[in-house]
There are 2 protein chains.
Amino acid sequence: MDAKEKFAGYLKDKDLRQSQPRDIVVDVFLRTERHVTTQELFQLVQKKNPRIGYATVSRTLKLLTEAGLCRTVDFADGAQRFEHEYGHEHHDHLICTRCGAFVEIYSRKLEIIQDELVRQHGYEQISHKLQIFGICPKCLKKHKS
Amino acid sequence: MDAKEKFAGYLKDKDLRQSQPRDIVVDVFLRTERHVTTQELFQLVQKKNPRIGYATVSRTLKLLTEAGLCRTVDFADGAQRFEHEYGHEHHDHLICTRCGAFVEIYSRKLEIIQDELVRQHGYEQISHKLQIFGICPKCLKKHKS
DNA sequence: ACAGATCATGATAATCATTATCATTACTAT
DNA sequence: ATAGTAATGATAATGATTATCATGATCTGT
Ligand SMILES: [Mn+2]
Ligand SMILES: [Mn+2]
Ligand SMILES: [Zn+2]
Ligand SMILES: [Zn+2]
């Protein structure tokens with residue numbers, strides 16, 4: 001099942017309608033691999049169809065998140081960002097505080113330790129977000145010269 | 001060196017002045033162990049001295065952060081929160097998405113793995129934030145009944 | 001002690017992201 | 001077709017954060 005089918009299934013499940021504006025927003029979102037803000041996605045959508053409003057983009061991003069196609073990430077730059085979730089391995093982010101460059105990181109060990117911590121406290125895990133902030137190699141070079 | 005001395009040292013170092021409003025904000029912040037928003041701290045400060053404005057609270061929180069007395073945490077509830085940093089062991093948070101209850105978590109192993117990941121990518125680490133979201137034991141009970 | 005110079009303050013406004021409202025339009029089912 | 005319901009997009013409301021600026025406080029060098 002591809003991402004679009006999954007979204008269609010979600011809409012049907014919730015008795016929501018599949019509409020042209022929604023299709024376009026979903027399409028544009030799935031076509032970019034960037035970690036977009038609502039504002040950024042809105043601008044991309046506008047290129048396809050300038051009639052589509054900001055509210056629809058925002059609402060559709062919420063639907064995408066609920067449908068499990070999308071998750072929010074926080075780069076500490078003031079706005080929520082959205083990235084693909086479905087069909088992508090879980091990962092976290094290592095972000096340069098100077099230029100914003102980031103890399104996606106993953107460690108199986110790290111995930112296991114987290115699960116243990118959650119269990120120890122009697123919680124039931126839903127999700128987690130790890131952001132590591134630092135200076136990227138490029139910015140380190142610049143600074144040293 | 002206690003927290004207030006450290007802050008005084010920071011002010012001196014940056015050629016900033018020690019003022020009565022700043023002292024009060026710092027004092028109130030240090031006296032609460034809660035993870036406060038600017039708004040919440042402002043309300044606490046108002047009880048001590050209603051003349052102090054929101055802007056001063058906000059600015060002082062920024063200074064406290066730069067001075068290493070305070071760090072921001074994100075509980076995904078729309079506002080920045082501030083907690084003590086100086087004299088406190090580093091920790092992350094496990095947050096209940098239903099009632100907001102949270103516990104502070106720490107794992108030496110987890111920290112080491114993070115350090116490794118950062119090094120592997122040639123970054124220089126500044127800080128990190130891990131938020132785990134889940135359902136707390138209390139909310140789990142309620143839901144099952 | 002005095003006179004700039006500089007900094008801090010607090011009221012207010014500006015900015016920005018997110019969310020709510022609501023009249024209009026589009027779709028669905030009978 | 002018709003009535004009922006959902007979706008849309010323009011706009012406004014909300015809330016957090018940041019910027020502005022006139023005023024007051026503090027410092028520095030004389
Ligand atoms: Mn990513
Ligand atoms: Mn804490
Ligand atoms: Zn960088
Ligand atoms: Zn709970």
Side-chain angles (χ1 to χ4, degrees), chain A residues 7-8 10-29 35-67 70-83 100, chain B residues 7-8 10-29 35-67 70-83 100:
Chain A
F7 188 63
Y10 175 81
L11 291 180
K12 185 164 266 178
D13 189 53
K14 296 281 177 184
D15 279 317
L16 301 173
R17 295 176 186 167
Q18 194 165 345
S19 68
Q20 203 188 348
R22 278 182 184 157
D23 279 347
I24 291 172
V25 174
V26 170
D27 208 66
V28 172
F29 174 71
H35 295 57
V36 291
T37 62
T38 307
Q39 187 58 241
E40 287 166 359
L41 187 61
F42 172 64
Q43 280 159 8
L44 292 176
V45 166
Q46 286 271 299
K47 289 182 194 166
K48 286 266 175 182
N49 184 340
R51 293 157 180 268
I52 294 176
Y54 187 93
T56 298
V57 174
S58 174
R59 287 188 283 236
T60 306
L61 276 170
K62 188 172 286 180
L63 291 178
L64 283 166
T65 306
E66 291 161 9
C70 168
R71 78 174 186 133
T72 60
V73 291
D74 179 10
F75 285 5
D77 61 351
Q80 196 91 297
R81 290 181 175 277
F82 299 84
E83 70 171 340
Chain B
F7 188 63
Y10 176 81
L11 291 179
K12 186 164 263 178
D13 189 53
K14 295 283 178 183
D15 281 317
L16 300 174
R17 294 174 187 167
Q18 195 165 343
S19 69
Q20 202 188 350
R22 276 182 185 158
D23 279 346
I24 292 173
V25 174
V26 171
D27 209 66
V28 172
F29 174 71
H35 296 58
V36 291
T37 61
T38 307
Q39 188 58 241
E40 287 167 358
L41 187 61
F42 172 64
Q43 280 159 8
L44 293 176
V45 166
Q46 287 269 299
K47 289 183 194 165
K48 285 266 174 182
N49 184 339
R51 293 156 180 269
I52 295 175
Y54 187 93
T56 297
V57 175
S58 174
R59 286 187 284 235
T60 307
L61 276 170
K62 189 173 283 179
L63 291 178
L64 282 166
T65 306
E66 289 161 10
C70 167
R71 78 173 186 133
T72 59
V73 291
D74 179 10
F75 284 5
D77 61 353
Q80 195 91 294
R81 292 181 174 275
F82 299 85
E83 70 172 339

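Residue numbers start from 1 in every chain, and the chains themselves are labelled A, B, ... in the order their sequence lines are given, proteins ahead of strands.
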Using atom [atom1] of [X] as one end and atom [atom2] of [N] as the other, report the distance to the nearest whole Å.
{"X": "A:Asp15", "N": "D:dA7", "atom1": "CG", "atom2": "P", "result": "9 Å"}
{"X": "B:Leu63", "N": "C:dA8", "atom1": "CG", "atom2": "P", "result": "8 Å"}
{"X": "B:Gln39", "N": "D:dT14", "atom1": "CD", "atom2": "P", "result": "15 Å"}
{"X": "B:Leu16", "N": "C:dT9", "atom1": "CG", "atom2": "P", "result": "10 Å"}
{"X": "A:Ile24", "N": "D:dA7", "atom1": "CD1", "atom2": "P", "result": "16 Å"}
{"X": "A:Tyr54", "N": "D:dA13", "atom1": "OH", "atom2": "C1'", "result": "15 Å"}
{"X": "B:Asp77", "N": "D:dG15", "atom1": "CG", "atom2": "P", "result": "14 Å"}
{"X": "A:Asp23", "N": "C:dA26", "atom1": "CG", "atom2": "C1'", "result": "14 Å"}

key: Under 3.5 Å: donor-acceptor pair, side chain of B:Glu83, backbone of B:Arg71   =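 Between the backbone of B:Arg71 and the side chain of B:Glu83 there is no qualifying donor-acceptor contact (under 3.5 Å).
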Closest nucleotide among D:dA16, C:dT9, C:dT19 to the B:Arg59 side chain =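 So the nucleotide nearest the side chain must be C:dT9.
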key: A:Ala79 side chain, from C-beta outward: closest of C:dA17, D:dT8, C:dT9   =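 My answer, after comparing the listed nucleotides, is C:dA17.
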Just N and O in the side chain of [X]: are any of them under 4.0 Å from OP1 or OP2 of [N]?
{"X": "A:Thr38", "N": "C:dT18", "result": "yes"}
{"X": "A:Thr56", "N": "D:dG9", "result": "yes"}
{"X": "A:Ser19", "N": "D:dA7", "result": "no"}

ask   = Quick one: which of A:Leu44, A:Val28, A:Thr38 gives a side chain to side chain contact (heavy atoms under 4.5 Å, CB included) with A:Val57?
value =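 Testing A:Val57 for a side chain to side chain contact (heavy atoms under 4.5 Å, CB included) against A:Leu44, A:Val28, A:Thr38 leaves exactly one candidate, A:Thr38.
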ask   = Which atoms form the tightest heavy-atom contact between A:Val36 and A:Glu40, and what is the distance?
value =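 Closest approach of A:Val36 to A:Glu40, heavy atoms only: CA-OE1, 3.3 Å.
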request  = Looking only at non-hydrogen atoms, find the nearest pair between A:Phe42 and A:Gly53 and report the distance.
outcome  =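 Shortest heavy-atom contact: CE1-C, 3.6 Å.
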What is the nucleic acid contact for [X], judged by heavy atoms within less than 4.0 Å: base, sugar-phosphate only, or nothing?
{"X": "B:Arg51", "value": "sugar-phosphate"}
{"X": "A:Arg22", "value": "sugar-phosphate"}
{"X": "B:Thr37", "value": "nothing"}

message = For B:Arg17 and B:Pro50, find the nucleotide of DNA chain C closest to each by heavy atoms; which residue's nucleotide sits nearer the 5' end?
response =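 Here B:Arg17 is the residue nearer the 5' end.
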query = Want to settle it: does B:Gln80 or A:Ala55 sit nearer the 5' end of DNA chain D, counting the closest nucleotide to each?
reply =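 Between the two, 5'-proximity favours A:Ala55.
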inquiry  = Return the CG to CG distance between B:Leu61 and B:Leu41, rounded to the nearest 0.5 Å.
reply    =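 If I round to the nearest 0.5 Å, the distance is 5.0 Å.
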